[in-house]
Amino acid sequence: MNTPKRYLITAALPYANGLKHIGHLAGAYLPADIYVRYLKAQKRDVVFVCGSDEHGTAIPIQATKEGTTAQAIIDKYHPIIEQNFKDLGIAFDIYHRTSDALHHETASAFFKDLEAKGDLETKTSLQYYDAAANSFLADRYIKGTCPNCGHHEAYGDQCEKCGKSLSPEELINPVSTLSGNVPIKKETTHWYLPLNKHEDFLREWILKEHANDWRPAVVGQCKSWIDGGLQPRAVTRDLDWGVKVPVAGGDGKVLYVWFDAPIGYISATKQWAKDNGKDWTPYWNDAETKLVHFIGKDNIVFHCIIFPIMLKLHGHILPESVPANEFMNLEGDKMSTSKGWSIEMDDYINKWIKKENGGTGLADSLRFYLTSIAPESKDSEFTWKGFQESVNGELVSIFANYVNRTWVLMHKLCKGKVPPIHPDLLDEEDNAILQSVKDSKAKITELLEQYKFRDALFEVINLARIGNQYMQKKEPWIVAKNLATDPTAQAKIDNCMHACLQLCANLAILVNPFLPFTARKMCYLMKVVDKMLDWENAGNFNLLKVGYSLRPPELLFRKIEDEEIEAELSQLQTNLKAKKITMDTITTTDASTAPEANDNAFKPEIVFDDFGKIDLRVGTIIDAKKVEKADKLLQLEVELGLEKRTILSGIAMHFEPSDIIGKQVVVVANLAPRKMRGVESKGMILMAEDAHGKLYFVQPSEAIAAGSKIS
RNA sequence: GGCGAGGUAGCUCAGUUGGUUAGAGCACAGGAUUCAUAACCCUGAGGUCCCGGGUUCAAAUCCCGGUCUCGCUACCA
C-alpha cells in the first residue's frame, strides 16, 4: 500500500434550508469523520472540508414560507448546522458556506474558464415564464399536482409528499407560485455542460479503472447513467439567488446549484488555506493527493459523473473513491423531515447530549449505533430499541465495562498505580493478549482503509471482548485471596493488571476515530495527553509507565433506560401527527386566504360559453387493461352510445382493470386526441380526488344510458 | 416498463476466484462466577441461503425465469 502524499476529504454540503437528521449524519458525515480522524492519527496530511450549500431555489422558497429573506434563512440554518456537527464530534477543518464572497469568486472563475475554453454549449429553449411577475420560473417556483401521487402541492423539481423527482413539464396544472397565474412558455438561453462528450473518459475511468475498488452500487449507478446515454445538462438558471453568470448574456441568470455547490469544496479548501497560511493548490491539482467524497446514494451522479467532468476540464485531480452510503430508515419507514418522521441532529443533541442527561458520552453512543448499522451495502434501519440494545449490550457491557472493571481492580489491588511487570511469571496468555492487540490493529487499519467502518468498529469491540476473556482466565480477584499464602500472588496480579491497562490504552487509540469523546475521556482517566492517541502507538504495551498513578474509576457511558426509549417512540408519533395537522392547516388556510396562489383554490371565473365548449357524456367502461410498459396507465374501452372510444387514464395504481369494467363514468368527449405510450387516447375520464390522493370515479347517481349528455 | 442495488438465524449483518457439517454479534436457554454499569466468562439451541429451473462431481456463490424491497428513469389531459 503506497501512502498518498496528502488527502482531501469532502462530505456532502448540507442544504441550508432546514435541520439535518441522523440519516444524513450516518450517510456522509460520520463515516467521513471516522476516516479523517484515523488519517490524522496516522499523521497524514489531510484536510476535511464541508460547508453549507446555500443557493438553489428552495432557499428563497423557504424564505417566502417563513415570511423572510433568503439571506435570513441561510443565516439562520448555517450556524445551527455547523454547531450540530460540532456537538456530535464531526471535526471539519473548515465548515464554509457557498454564499461567501470567496466561493462566488471561485465558482465564477471556474465557469468563466470553462466557457472561455469552449467546454460549455449554449442552447435556447422554452421555459415556464410568469408574465405578471416578469420572470422565468425556476423548477421550484412552479407548483402543481404530482403525477406520481396526486399531491396538489408538488414542486417543479420534486414532490415533497412522495419524494419523487420531477421536472416542471410533468406537473399537472402547473401554477406559478409568484403570482398564482398559469405560466406561459418563453424562450431563454442557457449554458450546458455536454456530458455526452465525455462518455469515453467516464467509461475508462469508472467502468474499467474503478470497477472493482468502488462499491457495487456506485459503479452500477454510474453504468446505468452512462449506458443510458448522457445528455448535455444545463448549468445556468433564470434566477437571482446564487452565483451570477459572469459572461456576456448572463444577466439575470445564476449558476445552477449543482454546478456551484461542489465547487464549494474548492472554495472551502481555499478559505482553510488562507486561514492557516497554507497553499490550497496541491490539494486540488497534485496527482499525489487522494481525494475522497463521502456522500449519500442520491448524490452519486453529481460526484461520479458531473463533477469529475468539471474537475477534469478545469485541470483538477479526480476523486480516488466515492464511498456512497445507502439510506437509513427509521422504525420501518423512510426518514423525512417534512413528514415529521425523522430524528433531527438538533433534537438528539438537545435531549440526550446537552442536558445533565448524558453529556458527550451520549454523542458517542449515537455515533456507535449509527456506525454499527451504517448502510454501507444496503439500506439499514434505525430503531430506538436497536439503539438501546446496541449501546447497552455492546458499548456499555463489553467495552465500557472492561475499562471500568480494569480501573476498579487496579485501584483495589495495585493502589491506583500502573503495576510493574514480572518477566519470570509471564505466560502464554500474556503473550497472546499482546499479539491480539497487534492483530486487531492490523485488521482495523485495513478495514478503515477500505471504508468498512461498521466492520472496523466491530473489531474494536471485539478487542475489548478479548480483554474480558483474558481477565476472566487470570481472575486477579481470586488470586488476591491468596496474597497471604502465595508469595507470587501480587506479582501475578501485577502482570495481569499491567496487561489490562495497556490494553485500555490501546483501546483508546483504536476507538478514537469512532468515539472521539470517549477516547479523550480515557486519556483523562489515564492522565495522558492526546498525543498518546497517535495510531503508531497502537500495538505497544509500553504506553503507560510503571508506577504512574491513574485517576479513580469513572463510567464512560450510562445505559439507556426502557422509559427513555418509550418516550422517544411516542415522541415520534406525536411529531408525525403534529406535522400532519400543520400540513392540513396550511392547505386549508391557503385555500381560504390566498386562493390565487394555491392550486387547491378555485380557478378563475369563466363565462357560460366557455363551459359550453366542453362536451361531457356518461360512458360505460366495457373493457379495461393495463398499458404495457407503463405503470400508471390503463387503457379503457368506453361505450358512449354513438360510438366506442379508447381512452387512456393514469389510474392503474388505484384500480384493478377487472374491478372497473361495467362502471359508469363521466367522459370529456371532445378533448383533442393524445398519444401516450403509442396508444391514442380519445377523451378523458373525470376523477375526484380526496386529500390523501385517493381517486374516485365521478358517475351518475343511478345507471343511465351510455352517451347521455351532461350539462 | 427499462436500468442499478439488495433478499442468508427472531434482529443486525459476514460469506473473496463455485469445494468439508453456511459464519459472527445481539436477543434467547442452560452453566459458571462476583472485580465490574444484574455487567463478564463458558456451553447450547436456530437457517427451505426469496421461489422455480439449468450448468457442474460439487451452487448461498455461475446461467435463465419469477417474486419482494430500495433507488434512478419512462408513462399520467
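By convention in this document, chain letters (A, B, ...) are assigned in the order of the sequence lines, proteins followed by strands, and residues within each chain are numbered from 1.
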Trainee: Under the rule syn = chi within 90° of 0, otherwise anti, which is B:G53?
Mentor: anti
Trainee: Which comes earlier along RNA chain B counting from the 5' end, the contact point of A:A374 or that of A:A400, where each point is its nearest nucleotide?
Mentor: A:A374
Trainee: Would A:R551 and A:W407 count as a cation-pi pair here, with the cationic atom under 6.0 angstrom from the ring centre and within 45° of the axis?
Mentor: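 So A:R551 doesn't make the cation-pi contact.
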Trainee: Measure NZ/A:K378 against C1'/B:A5 and give the value in whole Å, please.
Mentor: 11 Å
Trainee: In chain order, what residues pass the salt bridge (Lys or Arg N to Asp or Glu O under 4.0 Å) check against A:E199, with sequence neighbours excluded?
Mentor: A:R203
Trainee: Would you jot down, in residue-number order, the residues of residues 406-416 of chain A having a non-hydrogen atom under 4.0 Å from RNA chain B?
Mentor: A:V408, A:L409, A:K412
Trainee: Could you tell me whether A:R367 sits above the aromatic face of A:F514, with NZ or CZ closer than 6.0 angstrom to the six-membered ring centre and within 45 degrees of the axis?
Mentor: no
Trainee: Using atom CD1 of A:I466 as one end and atom P of B:C41 as the other, report the distance to the nearest whole Å.
Mentor: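 Going from CD1 in A:I466 over to P in B:C41 covers 11 Å.
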Trainee: Please determine whether a side-chain nitrogen or oxygen atom of A:K223 lies at a distance below 4.0 Å from atom OP1 or OP2 of B:G2.
Mentor: no
Trainee: Do the side-chain N or O atoms of A:S224 get closer than 4.0 angstrom to the phosphate oxygens (OP1, OP2) of B:G71?
Mentor: no
Trainee: If the condition is side chain to side chain contact (heavy atoms under 4.5 Å, CB included), which residues does A:N392 pass it with, not counting sequence neighbours?
Mentor: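 A:N392 satisfies side chain to side chain contact (heavy atoms under 4.5 Å, CB included) with A:Q388, A:K559, A:I560 only.
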Trainee: Distance check: side-chain N/O of A:Q469 vs OP1/OP2 of B:C42, anything under 4.0 Å?
Mentor: yes
Trainee: Between A:F557 and A:N329, name the one whose nearest nucleotide on RNA chain B is closer to the 5' end.
Mentor: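 With A:F557 and A:N329 compared, the 5'-side residue is A:F557.
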Trainee: Looking at B:C35, I'd like to know if its phosphate oxygens (OP1 or OP2) sit under 4.0 Å from a side-chain N or O belonging to A:K474.
Mentor: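 Answer no for this pair, as no side-chain N or O of A:K474 is under 4.0 Å from OP1 or OP2.
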Trainee: Is the shortest distance from a Lys or Arg side-chain nitrogen in A:K474 or A:D427 to a carboxylate oxygen in the other one below 4.0 Å?
Mentor: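 Here A:K474 pairs with A:D427 in a salt bridge, since their nearest N and O are under 4.0 Å apart.
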